Amino acid sequence: MAERIPLVDYLVLGDEPHIVAQECVRCSARFFDRRNACASCSGMEFRAVDLPREGTVYTFSIVSLAPPGVPVPFVAAVVDCGGTKVRGVLVNIEPRPENVTLGMKVRLATVPLGADTTGVEAVGYGFEPV
């Protein structure tokens with residue numbers, strides 16, 4: 001199998017792909033990517049927290065206009081994963097208003113984004129209906 005690398009540092013690949021947030025030790029605010037200080041309380045100590053793989057659609061928009069090379073339409077969504085809001089694209093669903101609802105149950109899905117000349121595959125994430 002070719003090597004796979006995540007597009008973002010907070011996506012962990014493997015048998016059970018998941019997203020990891022950085023949680024402030026002082027106030028429990030969660031962030032993606034590295035932080036020097038918490039935006040909520042200015043705390044400077046963080047711990048890694050695995051987010052649930054399943055969540056619910058908190059809000060969404062069907063995008064019909066995008067830069068050249070980005071296929072449209074698609075569903076951009078914010079998903080509540082155990083109290084942490086994660087932005088992503090809904091995949092494996094027809095991007096029409098009648099197919100997406102607030103509170104809809106979804107789960108994390110990995111999405112191949114392409115490979116380089118040596119066969120290393122970049123992998124992103126989205127959310128698909130449960």
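As a basis for the values below, the full set of heavy atoms in this structure was taken, side chains included, without hydrogen atoms, waters or symmetry mates. Here, residue 1 is the first one in the sequence, and each next residue gets the next number. Because the structure is predicted, anything quoted here is derived from the model rather than measured.
- Of the inter-residue distances, the one linking Ile93 atom CD1 with Glu128 atom CD reads 10.0 Å to the nearest 0.5 angstrom.
- Taking CZ of Arg34 as the start and CG of Asp9 as the end, the distance is 11.5 Å to the nearest 0.5 Å.
- A pairwise comparison of heavy atoms in Ile62 and Pro73 identifies CG2-CB, 4.1 Å as the closest pair.
- Counted within 6.0 Å of CG on Leu65, heavy atoms from surrounding residues, nucleotides or ligands total 12 or fewer; the atom is thus considered open.
- Side-chain atoms of Arg26 never come within 3.5 Å of backbone atoms of Glu45 as a donor-acceptor pair (strictly under, hydrogens ignored).
- Val100 approaches Met104 most closely through the heavy-atom pair CA-SD, 4.0 Å.
- Closest non-hydrogen pair, Phe127 versus Cys81, comes out as CE2-SG, 3.9 Å.
- Side chain of Asp80 to main chain of Tyr58: no donor-acceptor pair is present (N/O by atom type, distance under 3.5 Å, no hydrogens or angles).
- Side-chain contact check for Pro17 versus Arg53: some heavy-atom pair is nearer than 4.5 Å.
- Taking hydrophobic clusters as Ile, Leu, Val, Met, Phe, Trp and Tyr residues chained together by side-chain heavy-atom distances below 4.5 Å, Val20 does not share a cluster with Val79.
- In this structure, the side chains of Leu90 and Phe74 stay at 4.5 Å or more apart for every pair of heavy atoms.
- To the nearest 0.5 Å, atom OG1 of residue Thr110 and atom CZ of residue Arg4 are 5.0 Å apart.
- For the atom pair CG (Leu13) and NE2 (His18), the distance works out to 9.5 Å, reported to the nearest 0.5 Å.
- The distance from atom CD of Glu23 to atom CZ of Arg47, rounded to the nearest 0.5 Å, is 4.5 Å.
- Of all heavy-atom pairs between Met44 and Asn36, the closest is CG-O, 3.7 Å.
- Hydrophobic clustering (ILVMFWY, side-chain heavy atoms < 4.5 Å, transitive): Val8 and Val123 are in one cluster.
- If you take OG on Ser40 and CZ on Arg30, they are separated by 12.5 Å, rounding to the nearest 0.5 Å.
- Cluster membership check: Val130 does not share its hydrophobic cluster with Val91, using side-chain heavy-atom separations under 4.5 Å among Ile, Leu, Val, Met, Phe, Trp and Tyr.
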- Message: Is there a side-chain contact (heavy atoms from CB on, under 4.5 Å) between Leu108 and Val86? Walk through the geometry before answering.
- Response: CA-CA 10 Å; Leu108 185 72; Val86 182; over 6 Å; no
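- Residues Val63 and Val89 share a single hydrophobic cluster, defined by chaining ILVMFWY side chains whose heavy atoms lie under 4.5 Å apart.
- Minimum heavy-atom separation, Cys24 to Cys27: SG-N, 3.5 Å.
- Closest heavy-atom contact between Val111 and Tyr125: CG2-C, 4.1 Å.
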